[in-house]
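Any value given below was found using the heavy atoms of this structure, including those in side chains, with hydrogens, waters and symmetry copies removed. Chain letters run A, B, ... following the sequence lines, proteins first, then strands; residues in each count from 1. Bear in mind that the values here come from a model prediction, so they are computed numbers and not experimental data.
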Amino acid sequence: MTESAPPRISDLARSHGPGGVPAGTPDYLKGLNPEQREAVETTEGPVLVLAGAGTGKTRVLTTRLAHILASGRAKPWELLAVTFTNKAAREMRERITHLIGPSAEGLRWLGTFHSVAAQILRRHAELVGLKSTFTILDTDDQERVCKQLLEAANLDTKRWTPRSLSGIIDHWKNRGWTPEKLPNTEDFANGKGQTLYAAYQARLASLNACDFGDLLLHNLTILSQHADIAEEYRRRFRYILVDEYQDTNVAQYLWLRLLTSSTGNVCCVGDDDQSIYGWRGAEVDNILRFERDFPGAKVIRLERNYRSTHHILGAASGLISANRGRLGKTLWTEDNSGDKVRVRGVWDGEAEARLIADEIETARRQGIGYKDMAVLVRASFQMRAFEERFVMLAVPYTVIGGPRFFERAEIRDAHAYLRLILSEDDDLAFERIVNVPKRGLGDTSVQKVLQIARETGVPAMTAVRDLITSDELQARTRTAFANFIRDIDRWRQFAQTSSHWELTETVLEESGYTDMQKADRATGQTRLDNLKELVQSMQAFDGLTAYLEHVSLVMDLDRGESADSVQVMTLHGAKGLEFPLVFLPGWEEGVFPSQRSIDEKGEKGLEEERRLAYVGVTRGKEDVRISFAANRQVYGRWQSQLPSRFVDELPIDHVEAQSDTGYYGASGGMREAKSRWDEMPSFGSGYSSPGWKRGQAFAANRVPNAQPARQTLLEGDGRLVASGDPKAGSGWTKGDRVFHQKFGYGQVRAIEGNKLVVAFDKAGEKKVIDTFVEKT
DNA sequence: ACATAATGGATTTTT
DNA sequence: TCCATTATGT
């Protein structure tokens with residue numbers, strides 16, 4: 001981030017008097033505004049820094065750490081500094097190194113929540129039934145385990161998908177619930193929730209593995225059950241710093257509380273208006289109640305924005321003011337330049353892509369670099385239209401995010417080989433590659449092995465070793481297994497005498513994996529390239545173990561500097577970034593705000609969407625251009641779209657409405673804009689913004705024949721009746737997936753008292769009494 | 001055991 | 001629409 005002039009404090013010693021004691025004002029404090037400086041210098045006691053977008057948050061964070069170190073208040077290893085992303089941790093480390101020099105390397109406890117928790121867990125693993133060599137599973141492994149458990153429990157994996165089980169377990173862990181502490185309001189698959197969760201944990205223990213949620217959850221168990229250990233850490237961490245506090249979940253919150261000593265030198269930095277990870281368990285509440293949690297806490301607001309023009313700031317502030325339950329900040333700037341935020345309506349998604357691509361070219365000709373422009377979308381499916389257009393016009397672009405390197409199948413396969421070579425009992429790795437490439441081992445023979453392994457309580461490899469000495473298998477299968485074992489053993493030998501990347505090359509070659517990819521015309525070459533890149537990146541690590549630990553926690557490759565290209569990414573991915581020129585397409589009801597967010601989380605979901613819009617607008621430094629289309633192809637079907645309610649919420653003084661097609665006639669500013677949808681019938685609600693009314697009309701329009709969906713209407717006080725809440729209305733919501741004994745699976749199209757109109761996948765549309773179906 | 005047809009599902013994303 | 005996973009056939 002570059003919120004303000006970069007600090008020039010390459011030599012701290014210069015600001016020190018004799019004996020290393022700072023004399024006068026140290027250089028690194030100069031150039032901070034009064035609030036920033038207060039946030040840096042208030043080192044003792046709990047501090048909450050509410051740092052609005054573009055107010056110099058990262059600078060404050062790093063300067064604060066440097067200040068604590070430079071003033072001799074603590075040694076590097078006595079600081080605990082946690083972030084959410086590896087990127088943020090990396091950036092913080094770099095900037096502190098810049099401030100205080102190489103002694104920043106002593107910051108052992110600067111990292112993500114998960115990496116710090118992993119460090120702690122490795123030291124005390126045995127207290128939660130793990131060996132310190134435990135492996136960290138990724139989501140794919142988790143779902144695999146879940147699938148096996150669901151199958152073992154004879155549950156229909158169509159109705160109760162591995163994904164949803166893994167998801168709910170993760171959710172429980174985020175809330176800090178172990179199986180024993182799971183509240184009985186929580187469940188999965190009709191009363192089997194707790195049992196499945198406990199079985200999942202048992203299985204992980206037998207694999208000597210834990211998932212991401214466990215890193216924190218096991219920490220909670222250790223720290224709350226062993227007072228002496230907790231005390232040791234509390235003494236060690238004399239100062240605690242937390243970045244992006246608005247995104248902490250319950251488990252992380254509890255973890256911090258356990259590590260905070262009575263001196264309470266804890267500084268949390270965040271912005272409640274930028275909390276956009278609620279769907280991942282983040283609790284905005286944590287930041288909202290900071291002052292109650294830490295009595296006597298000092299709250300410092302950073303409100304001076306160094307990033308955006310006053311129009312951009314005005315537009316963003318007006319938008320976010322529609323949210324309730326904010327701590328409230330008023331961003332201001334001395335800037336007085338710049339254009340109003342432009343809002344345009346276009347005919348369809350293709351026209352939108354054309355418009356934006358053209359404007360990118362125009363901006364380019366005016367001297368703005370491609371890399372200074374960004375297209376920020378709500379969801380990745382929106383990216384395609386832009387990519388197609390950019391390719392056609394040869395506009396260089398980079399998609400940020402997307403499928404991640406270490407999650408690609410070929411990379412995971414390579415890792416599975418390495419894991420199995422490293423530890424014989426990694427059953428998940430075994431399963432993954434035992435027949436990849438094809439070795440003539442069928443599903444039945446592999447399942448047989450796994451079943452025997454589970455029954456006798458040994459690793460799959462051991463079971464195979466036993467089986468090939470018996471005559472329980474067909475000769476062909478037996479040979480295939482024997483060869484596989486022989487190969488693994490040979491590679492394990494090889495690993496003793498060679499480097500881990502040579503091992504990887506050898507394994508990929510000798511296993512036939514590269515040959516398999518060469519035979520694949522479609523994707524083979526890309527995959528081989530990825531594997532080459534993998535071998536390359538492995539060389540930066542000391543050994544296999546260190547490498548695997550790194551990838552399981554970091555999950556992404558630190559790619560080199562990007563070329564001069566337009567940055568295309570989701571709004572989530574854009575958090576923390578800034579660009580001179582920002583395009584925000586797809587501001588349409590259902591797309592943004594996303595229909596699903598509203599359906600699933602009601603008013604809360606809507607507010608989070610609005611925060612996302614706020615994040616989007618505040619990414620822009622000089623120019624922000626919002627657009628919406630009247631028609632859009634969604635999953636191959638054409639849908640007519642309504643402008644987002646967020647468009648109407650933009651304050652008129654800071655926006656300039658332009659009409660591409662004349663279709664919207666939005667000449668007099670957005671609020672006065674007459675669009676053809678203003679004439680459409682809307683259903684009564686306590687909320688009267690035109691955008692909202694149009695949204696209602698839109699929602700009802702999407703499902704012809706449906707009655708006004710009672711469950712999605714607003715109460716008189718403007719609160720959404722929570723969908724899915726049994727206490728609210730009939731407890732059914734249009735769109736719910738249901739299961740019926742006779743008709744099978746279907747989707748609720750309308751609710752009429754205790755009767756539901758359900759479109760069954762197989763049996764067609766039927767009217768059924770609601771007690772005969774259950775939610776899936 | 002493998003190739004092909006049918007089915008169903010589809011945000012946001014970090015660790 | 002389009003992708004991935006599953007059912008089906010040889």
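Atoms CZ (A:R90) and P (B:dT14) sit 12 Å apart, rounded to a whole Å. If you measure from atom CD1 of A:I276 to atom C1' of B:dT12, you get 8 Å, rounded to the nearest angstrom. We find that CG of A:N174 is positioned 12 Å from C1' of B:dT13, with the value rounded to whole Å. Atom P of nucleotide B:dT15 and atom NE2 of A:H572 are separated by 14 Å, given to the nearest angstrom. With rounding to whole Å, A:D138 atom CG is found 13 Å from B:dT14 atom C1'. The CZ-C1' distance, from A:R611 to B:dT12, rounds to 13 Å in whole Å. With rounding to whole Å, A:F113 atom CZ is found 21 Å from B:dT13 atom P. Taking atom CE on A:M569 and atom P on B:dT14, their separation rounds to 12 Å, with Å as the unit.
An aromatic stack links A:F212 and the base of B:dT15, using centre distance under 5.5 Å and interplanar angle under 30°.
In this structure, A:S552 and A:E609 both approach DNA chain B, and ranking their closest nucleotides by distance from the 5' end singles out A:E609.
Figure legend: cation-pi geometry between A:R122 and A:F134, with NZ or CZ positioned under 6.0 Å from the six-membered ring centre and within 45° of its axis.
Between A:R412 and A:E407 there is no salt bridge, since no side-chain N of the basic residue sits under 4.0 Å from a carboxylate O of the acidic one.
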